[in-house]
Structures are given as C-alpha cells and as structure tokens.
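Scroll down for the structure; my scribbles are underneath it.
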Amino acid sequence: MKTRSPFTDLIAFFGALAIALAPYWRWLVFCLVLLIVLPLPFLVKNFFVFQLTLAMIYAIAILGLNLLTGFNGQFSLGHSAFYAIGAYTAAILMDQYGVAYYWTLPIAGIVCFGAGFLFGLPALRLEGIYLALATFALAVAMPQILKLSPIEHWTGGVQGIVIIKPNAPFGLPLNPDRWLYYFTLAVTLVLFLCAYNLVSSRTGRAMKAIRDNAIAANAMGINLSLYKSLTFGVSAFYTGVAGALGGIVVQFVAPDSFTFALSVALFVGLVVGGVGSIAGALFGAWFVLFVPNIAEHVSKGLAGAVYGIMLILLIYLMPSGLAGLVRLVVMRFAKAAR
Amino acid sequence: MSTMLLEAKNICAYYGATQVLHGLDLSIAEGGITTLLGANGAGKTTMLRSVCGMVRTTGNVRFRGREIAGEATEDIVRLGIAHVPEGRGTFVRLTVEENLHLGAITHSNKAETAADVERVFGYFPRLRERYRQQAGTLSGGEQQMLAIGRALMLRPTLMLLDEPSFGLAPIIVEEVFTILKQMNEREKVSIFLVEQNAALALDLADHAYLLETGRVVMTGPARELREDENIRRAYLGY
Amino acid sequence: MELFLHQVLAGIATGGIYACMALAIVMIYQAIDHLNFAQGEMAMFSTFIAWQLIQWEVPYWAAFFMTLAISFAGGYLIERLIMRPIHNAPILSHVALFIALFAVINSLAGFIWEYQIKSFPTPFGTHSLLGEGLISGHDAGMVGVTVAMLVFLFLFFRYTRIGLAMRAAAANPESARLVGIRVEWMLALGWGMAASIGAIAGMLIAPVVFLEPNMMGSILLYGFAGAVVGGLTSPGGAVVGGVLVGVIENLAGTFIPYIGRELKLSIALALIVFVLTVKPSGLFGRSVVHRV
C-alpha cells in the first residue's frame, strides 16, 4: 500500500496546479518570456542587444506581412518596399527636418499606410501568382527608385543618409543600445497587442473570411475592395514602422539595404514562424536574423547552401511553421489530459 | 455463393484524427445498380472515396476477388472502376474534347477512343455541340454529363457516382438518371450511386443501403426500402 | 529613324534571351502550376556543367546533349526527392522551398566554380549578320532555337497523350488520378523537361552575358516579365512577350531621358505591373472562366 508522504503530497499539489493553470498557458508563457526579456540587456554584450533589437524589428515587419498574407490571403513579395519607405521617411525627417525619433514612427506608419492602400487598390484585380509578381516588381524597383537623380537631394542617392543614434531620455542611466532595446520592446508589445485585437475582432473575421472564400464573403455583405485595400494599408503600416525603427537602430539607410533579398527574408520568416500566427512572427524573425550567421560559421564558402538546407529541413518538419507545431503539441497534450 | 463485384468489409475511414466510417460492410452485385442513401454528413462520399483509395482507410475491399485496399487511386481506377466525384471533377481549363480523351488515356488507341467518344455523344448529344469549348464554360448539367461521359470512356466495370443530382434542375436530373439506367443495361456497367435524393435513387436502384453517421443501419432490395415506414417518413417526405 | 530601327533590332537580340527564359518559366508553370523561382539557378548550374564538360575536352554538341540529359535527371530527382514530401503542404511552403533551392544551388555553384566570369562558347559564330553590330550569328541562332523549342513544346502538349496527361496532372491532380494518370510521374517528368529547357536557355544566354553564379538574377526577372506580358498559359505568348520586353526596354533606355542603365530593370517591372492591371492574363493568355 502506498504511504502518504510530504513528497507525494507535493507532487499531487503541483499536478493539480498544472492542470488548473493549463488553459491559461498562453499567459504563463507570456509572463515567462517577459521575465527573461526584461533584464536581458544587462546580461549580454552590447552587440547582442543590438541584434535582439533587430530581431524585434523584423518581427514587427513579419507581423505586417502576416496580416496581409496569413490572415487575408494576399500574397506579397514586396514588403521590402514598405520597409524602405518607412526607413527613408524616418531618416529624412530626422536628418532634414530635425524631427525627434519617436515622432518619426507614427508618421512613417501613416505614410506607409497610404502607400499600401494605394498599392492595394489596383492590386485588387490580381490573384495569387499575379499579385506575387506585381509585388515582386515593386520590391525590385524600390532600390532603383531610391537612386533616381531627381530626388537625390532628399534621399542622398546611392550613399543614403546617416542617422544619429538617440540617447536615453530623462537622463536615464542607459546607453543608447539598451535604451533602443526597451523602446523597441515597448513598441513591439503595443503593436502585437493591437494586431491580436484586430485579428480577434469583427474586422479580423472579415479579413479571414476573405482569405478563406472571397466569393462567399462578398455574398455575405463584406465589402471586398474596402477590406482588402485596408488590410494592405495596415500591413504596410506595420512594416513601415518596423522600417523606421530599423533605420534608427542601424543608424543608416541606403538603397541597397532594401533589395528583394529583404522581401525574401520577411517571407521566409513568415513561413517559418507560421502563417496566421502572431507569436510566430518572433520565431520567424529569429530564424532569418540568426540562421544566416550560423550558416556562415558552419561553412564560409557554402553559407547559402547550409542556410537553404536548414530551411528545407524546417519546412519538412514544420510545414505550418513553428506555430503549427505548437498547435499540434498542445492538441496532443490536451487529448492526453482528458 | 456468387462472388460479388465489390465487397467491403469492416471499413473504418479517417480524416486526420476524426473517424467517419465505423466498420461498414457493403457488397455490390455484378450488373445491378446499388445505392447508398443517407443524410448530409452520414459518410456516403467518404465510402466512395474509401473504395478508390482517396482517404485513409482500414478494412478490406475486394474488387472481383482482388484486394484493393491500400492501393493507389490510379491503380484502382485502372482495374475498371470509374469514379464520378462530388463536384464533377471536371478539368475546367481543358476542352470537352480533352476531358473525354483523358478518360481514355490509359488504355486505348486512336480508333477505339474515337468510337468511345461517339458512344458518349449517343448518350449526351449536347456534348457534341460543345466539343471544343472550355469545360469550365458549360452549365452544371452539362458538366455532370461530361463527368459521366468521361467515366464511360474508361470502359469501366463499375461506375461510382457521387450525388449526380447535386445542384441540377429537376428536369435535367431526370434526364441524367434515365441515361444512367440505359447505360447500366446497354454497357453492362454496374453502378454504385450515392445520393441525397432518396426517392430518385430508390426508383433507379435494385439494392440499397442506408447510412447514418458512418454506420449501415438498413439494407435490402430498393423496393423494400421504398415501402418502409421509417424511410418514407425520414427520407421520402410522406 | 535609323537609330530607332537599330535599337529595335538590338532589342530583338536581347529579347531572344528573355524569350528563352520566359519559355522555360511558362513550361514549368504548365507542368506544375507553380512559378519556380529557382529556375534561373538551375539553368545556371546546368550551364556550368556544360562548361566543365567542355573544359574536359568534350566537343560542344556532345557536351550540349549530355547536359540536357543530366539536367533532365536533375530536375526529375529534385522533384522526387525534395518536392515530394511537401506535396500536400500549402502553397506558401512550396514557395519557401523554391527560395531554399535557389540559395543552395547558387551557393553550390559559387563554391565549385568560383565567381570569376568565364566565357562560354557559341556554336553559331559571333560575326554580325546584317551589317555592323546589329544582329550576330549567335543572336539569330538563339531566336531560332527558341522558336524550334516552342514548336516542339506546342506539338508535344497539344497532340501527344503524355502531354495531355501532364497538363491534366498539373491542373487537377485528383481528377487526373481518377482517370488513371500517375500524377507523381507526370510532375517529375514536368520538372525534368523544364530543367532541360532551362539548360538550353542557360547555354544560349551564357555566351552573351558571360558565365558566373549570379548571371541569371536579372534575366529571370526579364523572363518573368516576358512570361507575364505574353500570358502564363501561352508558350507562344511567352516568346513574343520576351522579345517585346527586350525591344521596349531598349527603346525606353535610348529615348527616355532619366532612364539610364540602372532603370532599364524598372522598365521591365513597370511593364509587368501595367500588363497585370490591364489584362491579368497577358496578351495571349486565356483567362480562365469559373462558373461558381
């Protein structure tokens, strides 16, 4: 016969606690992540802080793409263009008009919203592969447009614009890298929360309805043109804000930083993180930021090949991205618990 | 004891983790018309798809005495089973001509194919008019005729039809069902028909099965099921 | 006027390159219903293989046909080994896989053969045909081979049983299975053919732009432009589209003020977008009618 001891009592207690808390696992994970993420800048080297900040920025950009492609079903390979517009908007405002860095974010966002909306209007007529091509064209054209001579005195031509890194406000004892880390973290949290709300709202359901069956959605009274263009705008907003942040953090914008390769990176980040998953954007950002570096460490000459192979393996193992895998695990766990 | 044309034993079918068919037993005699009835979601389409290897299945399926469970769809089809799927499965971007030729693509030569096409026109003269049109531009009824025509091109021993009446005007449905009867008699092709329209199906068929949530709940000659009180109330509306 | 004519002819010459690439792109689109972004890299890799064979003293035409065979096998294997496991995954995963393929092939080529440009021989001769510097023997040969390929493909898809089977498998795999078509074999065959056509394109293009791992980048773009302008469902349209893109690009570069060398690329893109908004199915493409 089993004897009761304090040890078995403890296990029973934690077991019950785990089962009681299980439905709230999302909140728990979130709190855990916060606990890790907040003190991080003081525990690691400055350069790593810089990279972590970039990861969050990419996550925002990928989230923007996700809103358009994952939740609304519109394929885009052109988001590097919106990122560029955001970055240049911030750079020009700071460099030529002396605007403070924190104001450049909403302005860049609004400018990109407009750009996205305007691009979304003619794009309404395009589906799938044709939309992919049109956005591909946009992405490839952007660096060329940025190099055009007539607008050179704004854009700085091929050499781009240099931005001065802002200092922490109110004389806080943080070096610029750490301050930007927390600033970006705050922006990221706000934007992710807004995205989550948007997706769970009526508007979000309309977006998803359009993705799943546009004809049916239209028949139910959803104004396709309005929603699709708006989604394009919101998506561009997010990526534009990310671009502005990116420019500030990197301290530099130039046409060749925003080539099609960036669009590809954002796209890969989307697929790896999981289409239609907001949290997945973070994982996707990590992948596209750090895996190329890892690949280079593995083999300098074959870096691209290693990256490609890792991407292939990831797609085999997680065809729905990390989010899909998490969903699968949670479902299995839930079934077992019953 | 005569061997049945198709014998399915203990069929369980799954879509992912969800089980849809729970141990079905079914047999189809050679030469006749058998129908599978049931409400929406009963598992009728799944049963047809199980026969053709299009869905994850456990159990035995014997066609002319040969075990076909677990084989690839295209191999099963080559044995002489033609499946007219739910939604017709037309190649919308190809022409009517190409759709029909595709039915014959695995077996015949030019002369045979031409003769077979003429035979299809015999049943469905409207297809001759539309021969070079893109299949996607045909009306629902015409696409159904094309789908059946394509199945006929396979020179099948057994034809599976999934809700041929779906979305069609009643007068077209009558036309199609009359033609199916003719086909069964002239071409000696056995028919396994899945239908929601129980009245029509029971008129056409010799033998019937009733499916409810993945299980056979009744079976017998069609004439008997037609007279049955419960069926009349639940499925025939009187 | 003479300048105009001159530029048109020069445009046709470059257009020949784009037409070739466009044909390969449309070819694979017809076979697998996807646009393969790694197509250019596969063509480049095939060209390197041909180059290597020639370095090993294999005569040109022998190397040419050996490369075709190797490319066919390569395309077939890529489909069976790499694309197979994700057949049922969503389209976005496919695109991501193409991107991965691009990275792997590009990097591998650079690793094996390095990045210095190499010259690649042409069997058509480099002397000019119609007076100085207008169209060379090679340019004419290129257009000729492209047209020949086009005719071959047209006949193949329209009039052979296996061509029809391939089109069916690409258009509607499930229905194709229901008529007994071995869909997996058709897909692999399609990839093999597309790889071979890409190899021909690469071997024709390399003498002009010189052989190096990144040679196909902008060519792929022009190829896409040509395919879209002509219509993704029409191989003939792709060829015409490719030539058109070459001509327009050249004319724009010569006669419009701000368009220098760099913006020629943007012209191709503006063209794509313009055609896509006005007539999404391209000049010769068939718009698909779906009755709900």
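By convention in this document, chain letters (A, B, ...) are assigned in the order of the sequence lines, proteins followed by strands, and residues within each chain are numbered from 1. Side-chain atoms are counted along with the backbone in the values below, which use heavy atoms only and exclude waters and symmetry mates.
C:Tyr222 and C:Glu249 are linked by a side-chain donor-acceptor pair at a separation below 3.5 angstrom, with hydrogens and angles left out of the test. With 3.5 Å as the limit, one finds no donor-acceptor pair spanning the side chains of A:His79 and A:Thr135. C:Trp113 and C:Glu212 share no side-chain donor-acceptor pair at under 3.5 Å.
Neither the backbone nor the side chain of A:Ser320 comes within contact range of chain C; no heavy atom of the residue lies under 4.5 Å from a heavy atom of that chain. Residue contact with chain C, scored on non-hydrogen atoms closer than 4.5 Å, is absent for A:Ala132. Within the 4.5 angstrom heavy-atom criterion, only side-chain atoms of A:Phe136, from C-beta onward, approach chain C. Using a 4.5 Å cut-off between heavy atoms, C:Ile82 contacts chain A through both its backbone and its side chain. Only the side chain of A:Leu77 comes within less than 4.5 Å of a heavy atom in chain C; its backbone stays farther off.
When each of A:Val268, A:Leu311, A:Leu302, A:Leu131 is scored by its heavy-atom pairs under 4.5 Å with chain C, the top score falls to A:Leu302. Chain C forms more heavy-atom pairs under 4.5 Å with one residue of A:Leu138, A:Ile309, A:Ile312 than with any other, namely A:Ile312.
Taking the six-membered ring where the residue is Trp, A:Phe232 and A:Phe82 present perpendicular rings, their angle passing 60° and hence far from 30°.
At most 12 non-hydrogen atoms from other residues, nucleotides or ligands lie less than 6.0 angstrom from CD of A:Gln159.
Taking the centre of each ring, C:Phe224 and C:Phe37 come in below the 6.0 Å mark.
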